[in-house]
Amino acid sequence: MYIYDLPYLEQRECCNILDENNLWVELATVHMKFDEDTIKVIKRKSQSGKSPTEFLFTLWGNQNHTVIELFMLLKQMEKYNVMEILKKFVMPKYHILIKPVACSSKEIENVNSSRHTAPNVNLEQSVKILNVSRMDMNREVEISRENNESSVGEILNPKPRFQPVHYSRQTFSDISSVVESAGVIPQIPYEDLQRSTDNWNRFAILGKGGFGTVFKGTWKCTEVAIKRMEQKEDNPESHNEQMKQSITELRWLNACRHDNILPVYGYSIDGPQPCLVYQYMPGGCLEHRLRVRDIAKVLTWPVRQSIAIGSARGLQFLHTNTDKPLIHGDIKSANILLDRNDIPRIGDFGLAREGPQSNYTKISKIHGTRPYLPDEFLRGKKFSTKVDTYSFGVVLFEIATGLASYSEKRTNKFLRDHIVDYEGDIMELKDPRAAGGDVFCFRRLIDIGKLCVNRKAKDRPEMVEVFKALEKII
Ligand SMILES: Nc1ncnc2c1ncn2[C@@H]1O[C@H](COP(=O)(O)OP(=O)(O)OP(=O)(O)O)[C@@H](O)[C@H]1O
C-alpha cells in the first residue's frame, strides 16, 4: 500500500502525533533524507496552519513510497503509537516490531535466529524492504538465457533501490545513435530543462520510474513532463540498458504519432543526465487514477470504458500501422497516461520492438513487468502481438475492478489468476467506488479481458478485434 493510499482518518492521526514537538523534522531529515531547503519549505507551508507532516507525506508519497517503509522508519524512531495506527495496513508478520517492551531480548534473539527456517519477520528483512520501490516490486523482469527458468520466481523478489549517481558528460556525447533515433525530434539544452523545473525542484516531481525521476516543467510556455535518467549504482550494464531503452523510446515515439500515443517534444544529452521531454499529462497515470482516495476523482464507468477503448485504439495502431507490427512489450496501467480530458496516451516505449506479422519471434532476453506477461513469453521467450494482448487483458481487469495487478494479500497474487479462477459471483469484484454505469460495462470488460489473457497465445484476439469488441459496449 502506498502512502497516498492511506485513509484520511489514519493519516490525520499520524500527522497529529508527528506534528507535536516537531517530530516530523527527525523523520524528514534523519530517516527520509530530505535536505534543509525542503524542510524550510515545509515549515513555511505549515505557517498557514496546515500540518507539516501531511505535507511531508505528500512529498514522500509522490516518490512512490509505501506504508511498510514508513512503518520501518517509525520503528527506527521508536514511535510505536504511530505504528499502532498503521498496523492494520501492514502484514501481520511485521506487527511484532511494535512491541519492543513486551518483547524480551530473548524473544528478539529467537526471531533473528529463526530467519533461516521461518518466514517470520526479522530485522534484516525489514531493512531490505526500506530499499524497495514500487517499481522494483512490480516491474523489470530481465531473465538471461542461462537462468531462464529459475528467474521466473526471482523476479517476484524485490530488487534493492540504489542511490542515483550522475553520468559523466563523456558517456553521452559519443552516443550518436541517440541523435539518429530522434529523427526530427529536437534536442533541448540541459540548462533549459534545469531552468524549466526550477533546478530540479523536489516539488516538481511527478513520479519515479525504474530509470529515473519525472519532473513537471514549463518549457517554451508549455507544460512538459521531463524524465531525467538516473544511473543506478556504478553499473555499466544497467546504464547500457537504460541508454538502449531511451534510444528505442525516441525512435518509436518519433515514428508513431497518434491520438492515443504520448507525444514526445524533445530530448537532452548535453548535461550530466540525459532527459526525455514529453507532453504533460495532467490526469497522471491510469494506475494511480484507479487507486485515488479522493472520491470526487474516482473514474466513472463511462470514463473507464472510454479509457479502455482509447488504449486499445492506440495499441492496435502500433500493431497495424506498418508492415511489421510494433509490439510495445510493457503495456500496463502505469504506462497509460491521461490527459486533461482523461483521454489515454500510451507511453514508455523503451521495450518496444518490431515483431512478425503472424506467429512469434524468439528473443534472447526477457524484459517487462511480471504480472502483465504471459507464460509463453516468460518461459519460451516467444514475442508477438499477443504478448501485448495479454498485458492489455490485465489492464482491462484493473479498470473493471480497481484491483492491483499484483497483491501479496490475495490467495491468487496475480490479478489475471484472481479473476480467471474466481469461484464466487464475479460481480463481487466490480469496483464499488465507480459511479454512473451499469453491470453490463463491468461484465464486458471482464469477458473481453478473459479472452485477452487466454493461456494459449493463438486463442487470444488481435488488438484490432479487442478494440472493436470494446466499442460495441457503448
Ligand atoms: N507525460 C507525463 N505527464 C504526467 N505525468 C507523467 C508523465 N510521464 C510520467 N509521469 C508520471 O511519472 C511517473 C513515473 O513515470 P515513468 O515512466 O518513469 O515510470 P513508470 O512507467 O511508472 O515505471 P517504469 O518506467 O519503471 O516502468 C508515472 O507513474 C506518472 O505518474
Side-chain angles (χ1 to χ4, degrees), residues 2-5 58 61-65 132-142 155 158-159 161-162 164 193 196-197 200 202 204-219 222-232 238 241-242 244-246 248-250 252-253 260-267 273-292 297 311 314 328-352 367-373 391 394-395 398 404-406:
Y2 306 123
I3 296 294
Y4 48 70
D5 287 329
T58 308
N62 282 344
Q63 296 172 3
N64 291 318
H65 287 286
V132 168
S133 78
R134 168 178 71 92
M135 302 311 156
D136 294 325
M137 282 280 205
N138 204 11
R139 71 161 265 144
E140 284 320 301
V141 182
E142 183 173 323
I155 57 183
K159 291 182 245 149
R161 176 151 108 201
F162 303 108
L193 300 182
S196 82
T197 54
W200 310 112
R202 270 179 192 283
I205 293 179
L206 291 169
K208 278 186 185 249
F211 280 172
T213 307
V214 181
F215 293 82
K216 185 179 171 194
T218 306
W219 173 70
T222 306
E223 286 183 318
V224 289
I226 304 165
K227 191 187 274 186
R228 194 185 66 176
M229 313 291 174
E230 282 141 11
Q231 192 175 12
K232 289 177 181 174
S238 122
E241 186 52 44
Q242 200 170 2
K244 212 167 84 190
Q245 292 194 20
S246 305
T248 307
E249 169 135 81
L250 268 177
W252 293 124
L253 286 178
N260 299 112
I261 290 168
L262 181 66
V264 63
Y265 286 157
Y267 67 97
Q273 293 133 326
C275 303
L276 295 176
V277 183
Y278 308 92
Q279 191 176 89
Y280 171 62
M281 294 285 120
C285 72
L286 176 62
E287 184 188 41
H288 292 173
R289 286 294 297 281
L290 287 169
R291 317 271 151 69
V292 283
K297 289 190 184 151
S311 313
H328 185 281
D330 199 16
I331 289 294
K332 56 180 175 178
S333 54
N335 285 340
I336 296 174
L337 293 146
L338 305 176
D339 74 6
R340 67 180 72 255
N341 299 313
D342 289 332
I343 308 281
R345 312 277 191 141
I346 300 171
D348 220 334
F349 279 60
L351 300 181
H367 296 270
T369 309
R370 174 64 184 92
Y372 296 88
L373 294 174
S391 313
V394 178
V395 173
E398 289 180 89
S405 61
Y406 180 83

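Start at 1 and go down the list; that is how both ligands and their atoms are numbered. Only heavy atoms go into these numbers, but all of them, side chains included; no hydrogens, no water, no symmetry mates. Here the structure is a predicted model, which means the values were calculated and not measured.
- Of the heavy atoms in T213, none comes closer than 4.0 Å to ligand 1.
- In summary, the atoms of ligand 1 found under 4.0 Å from a heavy atom of K332, numbered by their order in the structure, are 27 (O).
- Listed by number with element, the atoms of ligand 1 under 4.0 Å from a non-hydrogen atom of A225 are 1 (N), 2 (C), 3 (N), 7 (C).
- Proximity to K208 (heavy-atom distance under 4.0 Å) selects the following atoms of ligand 1: 14 (C).
- Pairing each heavy atom of P371 with each of S405, the nearest pair is CB-O, 3.6 Å.
- Contact atoms of ligand 1 toward K227: 16 (P), 17 (O), 18 (O) (distance under 4.0 Å to a heavy atom of the residue).
- Residue-level proximity to ligand 1 for K216 is absent, since no heavy atom of it falls below 4.0 angstrom.
- Looking at every heavy atom in both residues, G212 comes nearest to E230 through CA-OE1, 3.7 Å.
- Annotation for L193 and C275: closest pair CD1-CB, 3.7 Å, computed over non-hydrogen atoms.
- The shortest separation from a heavy atom of E287 to ligand 1 is not under 4.0 Å, leaving the residue out of contact.
- Checking Y372 against E398 by side-chain atom types alone, a donor-acceptor pair falls below 3.5 Å.
- The shortest non-hydrogen separation linking L253 to Y278 is CD1-CE2, 3.7 Å.
- For the side-chain contact (heavy atoms from CB on, under 4.5 Å) test, residues two or more places apart in sequence or in another chain that qualify with D339 are M281, N341, I343, R345.
- At a heavy-atom cutoff of 4.0 Å, ligand 1 is contacted by no atom of T369, backbone or side chain.
- Close contacts of ligand 1 with Y280, meaning ligand atoms under 4.0 Å from a residue heavy atom, involve 3 (N), 4 (C).
- Near N335, the atoms of ligand 1 lying under 4.0 angstrom from a non-hydrogen atom of the residue are 21 (O).
- Tested against K227 for a side-chain contact (heavy atoms from CB on, under 4.5 Å), the candidates D348, T213, V277 yield a single pass: D348.
- Those atoms of ligand 1 with a heavy atom of C285 less than 4.0 angstrom away are 29 (O).
- Polar contact check, L262 against ligand 1: no nitrogen or oxygen pair lies under 3.5 Å apart.
- By the side-chain contact (heavy atoms from CB on, under 4.5 Å) test, T197 is found to be paired with W200, F215, I226, residues two or more places apart in sequence or in another chain being considered.
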